[in-house]
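The residues of the chain are indexed from 1 along the displayed sequence. Please read these numbers as outputs of a predicted model, since none were measured by experiment. The figures here come from the full heavy-atom set of this structure, side chains too, leaving out hydrogens, waters and symmetry mates.
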Amino acid sequence: MQKEMQEERAQIQQGMKLLQQMQLELRSERPKEMFIKEHVESVGTSTNGSCSKVMTTEDLTKKMDASEDYLKKINNLKENSFSLDLDHETSELSIFIDRVDLNELTSGIKWLSTSILSLWCTYLHRMCISKNFNKLFGFLDPNRILVHTKPAEVIQTYIQNKLDGEPKKCYLGPLLNSNHWQLFVICPEDNIIFWFCSLNRSPKKNIKVILEGALEGYHLLRGIKKKKPNWKNIMGHQQDNGWACGYYVMKNMFDIIDACIVERFNEIFTDTSSYEKESIDHIRQLWAQFFLQKVEEQENQEKKDLMTKQKRLKKTYI
């Protein structure tokens with residue numbers, strides 16, 4: 001029995017190694033170094049216009065124990081790589097997060113990888129469930145919509161299947177495009193796509209073709225023929241450096257979910273000032289807190305699964 005249990009553990013460990021190898025396509029993609037050489041346009045001044053209250057950093061901080069520094073806890077972890085399940089995807093999908101990804105986040109001054117944004121989608125998905133918003137918001141995983149590594153038809157099919165299989169009011173898609181993080185929000189029933197860019201860049205033609213094609217396919221599956229969707233560019237907060245685009249996407253996504261914004265984005269996100277450091281740091285701490293929670297959850301689940309298998313083996317030999 002002892003030998004059987006040892007072999008069982010070895011099989012589990014081997015399975016984890018194989019899983020990590022299979023997940024190579026879900027390893028982190030990150031903006032390339034060339035992006036820092038690009039000119040960052042100066043940002044406008046705030047107009048302070050809002051039709052729906054978005055919580056301030058001071059309000060948000062009350063939700064988190066200020067005495068905890070989750071970023072330091074991440075730096076103290078002994079492990080260098082983690083494979084975590086993604087709750088926001090109905091299919092069984094895991095993401096591989098390594099020490100490079102974590103160091104980029106804990107430094108606070110580097111670009112973010114797709115792994116960081118993928119786990120953020122799962123965090124916001126759980127946030128929707130806790131607020132009873134899960135019927136309103138869906139999430140498109142950034143690793144599944146990488147326009148520079150995946151064929152357009154594959155991305156279009158993925159988005160179309162999400163819209164059709166998981167009906168929501170709005171779908172949030174964090175997009176790594178041309179070494180820059182941007183965000184789009186698809187509202188299928190309204191036939192509108194909202195576009196967020198912290199450098200005020202318009203969507204490229206290939207992206208418009210993919211998203212418009214996915215929406216068209218979604219409507220055809222329902223026996224509806226509609227005109228091309230209405231695109232609305234959202235100015236929003238504008239970054240004043242060459243690395244913070246990922247945080248701006250994360251903050252916009254958080255504000256949308258937290259304030260339950262499902263329409264009139266262009267009337268709400270009108271402040272074009274740069275985010276204060278405290279706002280960015282708060283997002284980093286939230287991510288780190290959830291990451292540690294997710295790691296603990298999966299470790300406990302693995303222990304539970306191992307104990308179940310051990311009990312099953314004991315019963316076999318009794």
Side-chain angles (χ1 to χ4, degrees), residues 19 21-32 34-35 85-96 111-122 124-125 137-197 201-234 245-246 249 253:
L19 178 63
Q21 291 172 5
M22 291 169 64
Q23 290 170 331
L24 284 177
E25 71 169 272
L26 289 185
R27 280 179 177 271
S28 300
E29 287 281 345
R30 51 180 54 80
K32 304 292 187 291
M34 66 181 75
F35 180 67
D85 297 333
L86 298 176
D87 302 2
H88 65 275
E89 288 287 331
T90 52
S91 58
E92 292 185 6
L93 186 67
S94 299
I95 193 68
F96 186 80
W111 298 292
L112 298 179
S113 70
T114 52
S115 294
I116 301 296
L117 273 290
S118 281
L119 192 62
W120 188 244
C121 287
T122 283
L124 294 176
H125 171 71
F137 298 103
F139 300 92
L140 300 167
D141 190 82
N143 279 294
R144 305 289 293 274
I145 55 176
L146 284 170
V147 292
H148 62 285
T149 62
K150 297 186 182 298
E153 59 271 18
V154 172
I155 300 174
Q156 182 175 314
T157 300
Y158 163 71
I159 296 174
Q160 180 179 308
N161 290 342
K162 285 282 281 192
L163 301 188
D164 183 56
E166 305 170 33
K168 311 285 183 183
K169 176 69 175 175
C170 297
Y171 296 81
L172 280 64
L175 179 70
L176 180 57
N177 171 43
S178 299
N179 304 316
H180 177 53
W181 278 106
Q182 295 164 310
L183 173 68
F184 62 85
V185 179
I186 300 179
C187 302
E189 297 306 316
D190 298 328
N191 205 31
I192 298 176
I193 301 175
F194 295 95
W195 180 259
F196 293 75
C197 179
R201 295 175 178 171
S202 299
K204 292 188 176 181
K205 183 179 179 180
N206 63 322
I207 295 171
K208 297 187 75 169
V209 169
I210 291 172
L211 299 187
E212 289 174 1
L215 256 181
E216 181 183 9
Y218 162 79
H219 290 307
L220 288 175
L221 286 173
R222 281 164 166 64
I224 304 170
K225 186 169 179 60
K226 289 194 175 185
K227 295 180 180 179
K228 285 188 176 182
N230 183 15
W231 284 80
K232 294 193 176 182
N233 288 351
I234 310 301
C245 51
V249 166
M253 294 174 73

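Between the CG atom of Leu146 and the CG atom of Asn177 there is a distance of 10.0 Å, given to the nearest 0.5 Å. The CD atom of Glu166 sits 9.0 Å away from the CG atom of Leu140 when rounded to the nearest 0.5 Å. Interatomic distance, Lys232 NZ to Phe194 CZ, rounded to the nearest 0.5 Å: 5.5 Å. The distance from the SG atom of Cys121 to the CG atom of Asn143 is 9.5 Å, given to the nearest 0.5 Å. Within the model, atoms CG of Leu175 and OG1 of Thr114 stand 11.5 Å from one another, a figure rounded to the nearest 0.5 Å. The line from SG of Cys187 to CG of Leu163 is 10.5 Å long, rounded to the nearest 0.5 Å.
Panel note: side chain Tyr158, backbone Asp141; a donor-acceptor pair is recorded below 3.5 Å. Side chain of Asn191 to backbone of Lys227: a donor-acceptor contact under 3.5 angstrom is found. With Lys226 contributing its side chain and Glu189 its backbone, the two residues share a donor-acceptor pair below 3.5 Å. In this structure, the side chain of Trp195 engages the main chain of Arg201 through a donor-acceptor pair within 3.5 Å. Here the side chain of Ser115 pairs a donor or acceptor atom with the backbone of Phe96 at under 3.5 angstrom.
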* Asked: Taking it one step at a time, do Ile234 and Val185 satisfy side-chain contact (heavy atoms from CB on, under 4.5 Å)?
  -> CA-CA 10 Å; Ile234 310 301; Val185 179; over 6 Å; no
* To do: Just do the side-chain contact (heavy atoms from CB on, under 4.5 Å) check on Phe184 and Ile145 with the steps written out, would you?
  => CA-CA 12 Å; Phe184 62 85; Ile145 55 176; 4.0 Å; yes
* **Test side-chain contact (heavy atoms from CB on, under 4.5 Å) applied to Gln160 and Leu221, step by step** => CA-CA 9 Å; Gln160 180 179 308; Leu221 286 173; 3.6 Å; yes
* Asked: Run the side-chain contact (heavy atoms from CB on, under 4.5 Å) check on Arg144 and Ile159 step by step: do they pass?
  -> CA-CA 9 Å; Arg144 305 289 293 274; Ile159 296 174; over 6 Å; no
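Annotation: side chain of Leu124 is not in contact with side chain of Phe137 (no heavy-atom distance under 4.5 Å).
The two residues Pro174 and Pro142 make their nearest non-hydrogen contact at O-CB, 3.4 Å. When all heavy atoms of Pro188 and Tyr171 are compared, the closest pair comes out as CG-CE1, 3.6 Å. The two atoms that bring Pro203 and Asn233 nearest to each other are CD-OD1, 3.8 Å, heavy atoms only. The two residues Glu89 and Phe139 have their closest heavy-atom pair at OE2-O, 4.2 Å. The minimum heavy-atom distance between Trp181 and Leu112, with the atom names listed, is NE1-O, 2.9 Å. The shortest heavy-atom contact between Cys197 and His180 is SG-NE2, 3.4 Å.
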